[in-house]
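Taking it in order: structure first as structure tokens, then the write-up.
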2 protein chains.
Amino acid sequence: MPAALPDDTRPTLAQVARIAGVSEITASRAMRGTTLVAQDTLARVQAAAQALNYVPNRLAGTLAGGQSRQVAVVLPSLSNSVFADVLKGLETRLEQDGYHVILGVSNYDPAHEERLITELLTWRPAGLVLAPAESTPGSRRMLAASGLPVVEIMDIDRAPVDVAVGLSQRAAGQDMARFLLQRGYRRMAYLGHDISVDPRARARRDGFCAALAEAGLTLEAMLLLPGPSSVGLGRKGTAQLLDRLSVGGLAVCYSNDDMAVGGMFHAMAQGLLVPADLALAGFNGLSIGQALPQPLTTIESRRVLIGEQAASCVLNRLHGLAIDPVQNVGFRLIPGATA
Amino acid sequence: MPAALPDDTRPTLAQVARIAGVSEITASRAMRGTTLVAQDTLARVQAAAQALNYVPNRLAGTLAGGQSRQVAVVLPSLSNSVFADVLKGLETRLEQDGYHVILGVSNYDPAHEERLITELLTWRPAGLVLAPAESTPGSRRMLAASGLPVVEIMDIDRAPVDVAVGLSQRAAGQDMARFLLQRGYRRMAYLGHDISVDPRARARRDGFCAALAEAGLTLEAMLLLPGPSSVGLGRKGTAQLLDRLSVGGLAVCYSNDDMAVGGMFHAMAQGLLVPADLALAGFNGLSIGQALPQPLTTIESRRVLIGEQAASCVLNRLHGLAIDPVQNVGFRLIPGATA
DNA sequence: AGCCATATTGACAGCGCTGTCATGATTTGC
DNA sequence: GCAAATCATGACAGCGCTGTCAATATGGCT
């Protein structure tokens with residue numbers, strides 16, 4: 001059952017070579033510019049390629065030659081703009097060097113993630129970048145055995161298989177707690193999406209709680225809602241939370257900015273005073289939070305940078321350069337006006 | 001200069017075959033399950049593959065066999081959640097059939113887009129999906145000549161090279177104008193991001209203006225700000241607009257929801273009454289707009305669906321099924337409470 | 001027993017390209 | 001003017017896999 005469509009009649013290098021009156025290998029060299037080829041030979045080959053509308057076949061090239069110029073990227077989600085930003089950084093940097101992204105989205109499912117890794121590996125990518133969900137032992141074994149550059153992004157708290165690029169999510173959580181404490185808040189609550197599948201959000205929350213504990217405090221309430229984070233969920237959750245808790249000097253730490261913006265909307269709709277009645281803190285430093293009537297108190301994460309730096313790691317590795325196995329891009333607390 | 005890293009010592013099908021005590025081609029058949037292979041042979045091959053940790057090489061497979069299972073996707077941006085949604089739909093659907101996305105992001109630059117198409121074509125993808133910026137003649141020629149399934153997404157107003165999946169952006173703009181007119185608004189303004197590079201936003205605006213013209217109206221003001229759309233830009237632009245225009249019965253049509261939400265934030269910060277002082281209309285039906293204290297008047301676009309359907313188009317084409325060259329997924333006006 | 005359909009396997013060539021080594025054509029140096 | 005170095009090109013084999021066709025084995029049927 002041969003494919004219905006393309007009668008794959010695309011010109012090959014051999015045809016280009018014939019027209020240019022040179023051998024195939026010379027044409028190959030002319031097209032790639034790796035080895036020296038006489039000026040006029042080069043011109044003839046280029047002309048022939050142009051005339052035939054020749055498009056090189058990188059499958060064949062890679063198979064014969066070696067390094068693929070594809071990098072596999074596995075992300076847990078795309079609905080969250082965080083990963084879209086990271087992907088943008090990755091794509092931008094990789095493309096500069098003529099590399100391309102093959103994408104997999106795991107939906108925060110470790111088993112799915114493992115399957116994706118297996119499948120993407122069949123394309124023999126030059127490297128792998130992933131924001132692991134809760135990677136299975138199987139995944140980690142495969143990655144280690146692949147012999148490829150493997151960059152785990154977003155979090156640097158766990159020991160990486162190979163290289164990690166990101167920030168300490170735990171430290172970010174701690175810093176936010178300390179900031180709120182320093183501002184004088186003593187009544188704290190946490191509102192998150194389903195962090196059982198999101199290890200980074202969990203790490204932040206754990207850091208937040210740990211810092212509270214150091215100060216002898218505990219959360220007045222912790223609400224975890226099923227489903228992915230969203231503005232709507234944050235709004236709904238805030239309403240629920242305030243059914244149980246009195247306002248006035250209450251600070252709510254959200255799992256991220258989306259959720260926090262939802263909280264802000266709830267406050268606005270209810271005519272609550274922010275931060276007097278209700279203080280809010282997010283995470284990510286999304287532009288929407290900063291465009292709110294009151295800028296959101298949050299932590300800036302450098303998502304595009306993480307993507308770019310992860311890409312650079314892969315590329316440097318491929319060029320045989322030594323690289324730091326743990327790369328901390330840091331974060332920055334944005335005081336804002338909601339806490 | 002051989003690659004520094006992977007001493008590509010990965011097991012090959014030949015090795016699997018040897019261990020299983022069968023010929024290479026039999027092992028191939030066993031791995032793929034296309035042709036019948038005796039039960040115990042199958043088991044032996046699978047065991048051997050398992051033991052060696054065999055990972056098939058799809059580069060070789062595709063080169064030898066035919067159809068690649070990669071689909072090239074070219075998008076103008078990832079910062080806009082619209083395209084992240086589309087990509088999610090694409091990835092989800094393609095993966096179900098064992099296909100993978102190779103990604104390119106053009107940043108709304110037609111020349112860049114053309115280069116991306118050229119490069120991605122070198123991987124001999126099975127198909128192409130793109131949300132064209134302002135495609136160059138060169139791009140269109142290449143696409144037509146590729147002989148591959150080519151799906152242009154988002155807009156169905158222009159004649160597609162091959163297949164189009166999306167909605168009539170122009171009709172969406174018209175519908176919004178008619179809706180506002182019907183609500184009794186007569187004072188209209190338009191606030192957009194740099195639509196010179198975004199043909200879809202432009203089509204919506206044109207439709208909007210055309211419908212106004214039918215009613216004998218023209219825009220009181222049209223403000224186009226440089227740079228990509230964002231909540232911040234919408235907020236800033238609204239402030240600028242209201243420097244020149246009086247409020248009270250004024251309806252502003254924004255290029256999309258991000259911009260409109262920014263407008264809403266400005267209104268909130270200024271204590272303006274929405275919609276009495278200022279009415280706002282967006283486009284996309286993003287969840288954030290619906291979570292606002294007052295849900296945004298907007299038009300729902302089915303982004304994930306567009307992605308899924310575009311993927312299905314490619315797959316169906318590859319299976320030799322006939323498909324409709326123009327697929328309208330439609331849209332829905334969400335009345336909201338801001339106009 | 002003899003013949004045929006079916007099931008199972010294999011030999012061979014080739015997908016389009018590149019690494020390696022070898023060859024001929026020039027140039028350079030003394 | 002001749003050996004050595006340099007430049008430009010080519011022949012060959014092979015990357016890892018699959019399509020095609022052919023071969024063998026097995027069982028059923030008359």
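Below, all heavy atoms of this structure are taken into account, side chains as well, without hydrogens, waters or symmetry copies. In the text below, chain A, chain B and the rest are named by the order of the sequence lines, each starting its count at 1.
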Notebook entry, point to check: Is the backbone N or O of B:Ser106 less than 3.5 Å from a side-chain atom of B:Glu113, with the two atoms forming a donor-acceptor pair by type?
Noted result: no
Item checked: Any pair counted as salt bridge (Lys or Arg N to Asp or Glu O under 4.0 Å), so long as it reaches residues 52-73 of chain B, sequence neighbours left out -> none
Notebook entry, point to check: Given D:dG19, is OP1 or OP2 found less than 4.0 Å from the side-chain N or O atoms of B:Arg32?
Noted result: yes
Margin query: Under the salt bridge (Lys or Arg N to Asp or Glu O under 4.0 Å) definition, can you give me all pairs with a residue in residues 13-30 of chain B, not counting sequence neighbours?
Written below: none
Note to self: Using the side-chain hydrogen bond (donor to acceptor under 3.5 Å, both in side chains) criterion, which residues pair with A:Asp157? Sequence neighbours excluded.
What the structure shows: A:Ser168
Notebook entry, point to check: What's the closest nucleotide to the A:Leu63 side chain, out of D:dG16, D:dA8, D:dC17?
Noted result: D:dG16
Checklist line | Listed nucleotide nearest any side-chain atom of B:Ile25, set C:dT9, D:dG19, D:dC15 | finding: D:dG19
Next item on the list: Nearest whole angstrom, please: distance from the P of D:dC17 to the CZ of B:Arg69.
Entry: 16 Å
Next item on the list: Rounded off to whole Å, could you give me the CZ-to-P distance for the B:Arg44 and C:dT8 pair?
Entry: 13 Å
Check: Applying salt bridge (Lys or Arg N to Asp or Glu O under 4.0 Å), which residue pairs with at least one partner in residues 74-87 of chain A are found, sequence neighbours left out?
Finding: A:Asp85-A:Arg303
Note to self: Quick check on D:dT9: is either OP1 or OP2 less than 4.0 Å from any side-chain nitrogen or oxygen of A:Thr26?
What the structure shows: no
Check: Is there side-chain contact between A:Val165 and A:Val329, with at least one heavy-atom pair below 4.5 Å?
Finding: yes
Margin query: If you only use heavy atoms from C-beta on, which nucleotide in D:dA8, D:dG14, D:dT18 is closest to the side chain of A:Ala64?
Written below: D:dG14
Check: Which nucleotide in the list D:dC17, D:dC15, D:dA8 gets nearest to the side chain of B:Ala60?
Finding: D:dC17
Margin query: Need one value for A:Thr62: base, sugar-phosphate or nothing, where a base atom within 4.0 Å counts as base even if backbone is also close, heavy atoms only.
Written below: nothing
Notebook entry, point to check: Of all of residues 48-58 of chain A, which get a heavy atom below 4.0 angstrom from DNA chain C, listed by number?
Noted result: A:Tyr54, A:Pro56, A:Asn57
Item checked: Between P of D:dG14 and CD of A:Glu24, the distance in whole Å -> 16 Å
Item checked: A:Arg29 (side chain) and D:dG10 (base): donor-acceptor pair under 3.5 Å -> yes
Notebook entry, point to check: Considering residues at least two apart in sequence or located in another chain, which fulfil the side-chain hydrogen bond (donor to acceptor under 3.5 Å, both in side chains) criterion with B:Gln15?
Noted result: none
Notebook entry, point to check: CG of A:Leu13 versus P of D:dG10: gap in Å, rounded?
Noted result: 12 Å
Can you give me the N/O atom pairs linking the protein to nucleotides 24-28 of chain D at distances under 3.5 Å, or say none if there are none?
none

Next item on the list: List in chain and number order the residues that pass side-chain hydrogen bond (donor to acceptor under 3.5 Å, both in side chains) with B:Asn80, two or more places apart in sequence or in another chain; answer none if no residue qualifies.
Entry: none
Item checked: Step-by-step side chain to side chain contact (heavy atoms under 4.5 Å, CB included) determination, A:Asn57 to B:Leu63 -> CA-CA 9 Å; A:Asn57 184 334; B:Leu63 184 61; 4.1 Å; yes
Notebook entry, point to check: Over how many whole Å does the gap from A:Arg10 atom CZ to C:dC17 atom C1' extend?
Noted result: 16 Å
Next item on the list: Return the angle between end axes of the helix from C:dA1-D:dT30 to C:dC30-D:dG1, with five pairs used per end and rounding to 10°.
Entry: 40°
Next item on the list: Identify, with sequence neighbours excluded, every residue that meets side-chain hydrogen bond (donor to acceptor under 3.5 Å, both in side chains) alongside A:Glu95.
Entry: B:His112, B:Arg115
Next item on the list: Mind jotting down which residue pairs meet the side-chain hydrogen bond (donor to acceptor under 3.5 Å, both in side chains) criterion with at least one end in residues 37-50 of chain A? Sequence neighbours excluded, please.
Entry: none
Notebook entry, point to check: Counting only side-chain N and O atoms of A:Ser28, is one of them less than 4.0 Å from OP1 or OP2 of C:dC17?
Noted result: no
Margin query: side chain to side chain contact (heavy atoms under 4.5 Å, CB included) for B:Arg317 and B:Ile323? Distances and angles first, verdict last.
Written below: CA-CA 7 Å; B:Arg317 247 303 167 55; B:Ile323 53 182; 3.6 Å; yes
Next item on the list: Return the value, rounded to whole Å, for the distance between atom CG of B:Leu59 and atom P of C:dC15.
Entry: 17 Å
Notebook entry, point to check: When the distance from CD of A:Gln67 to C1' of C:dG19 is rounded to whole Å, what number comes out?
Noted result: 15 Å
Check: Within the structure, does a side-chain N or O atom of B:Ser23 lie under 4.0 Å from either OP1 or OP2 of C:dA11?
Finding: no
Next item on the list: Nearest-nucleotide wise, let me know which of A:Gly65 and B:Leu42 is further upstream toward the 5' end of DNA chain C.
Entry: B:Leu42
Notebook entry, point to check: Rounding to a whole Å, what distance do you find between B:Met31:CE and D:dG16:P?
Noted result: 16 Å
Note to self: Once salt bridge (Lys or Arg N to Asp or Glu O under 4.0 Å) is applied, what residue pairs with a partner in residues 130-143 of chain B remain, sequence neighbours excluded?
What the structure shows: B:Glu134-B:Arg158, B:Glu134-B:Arg202, B:Arg140-B:Glu152
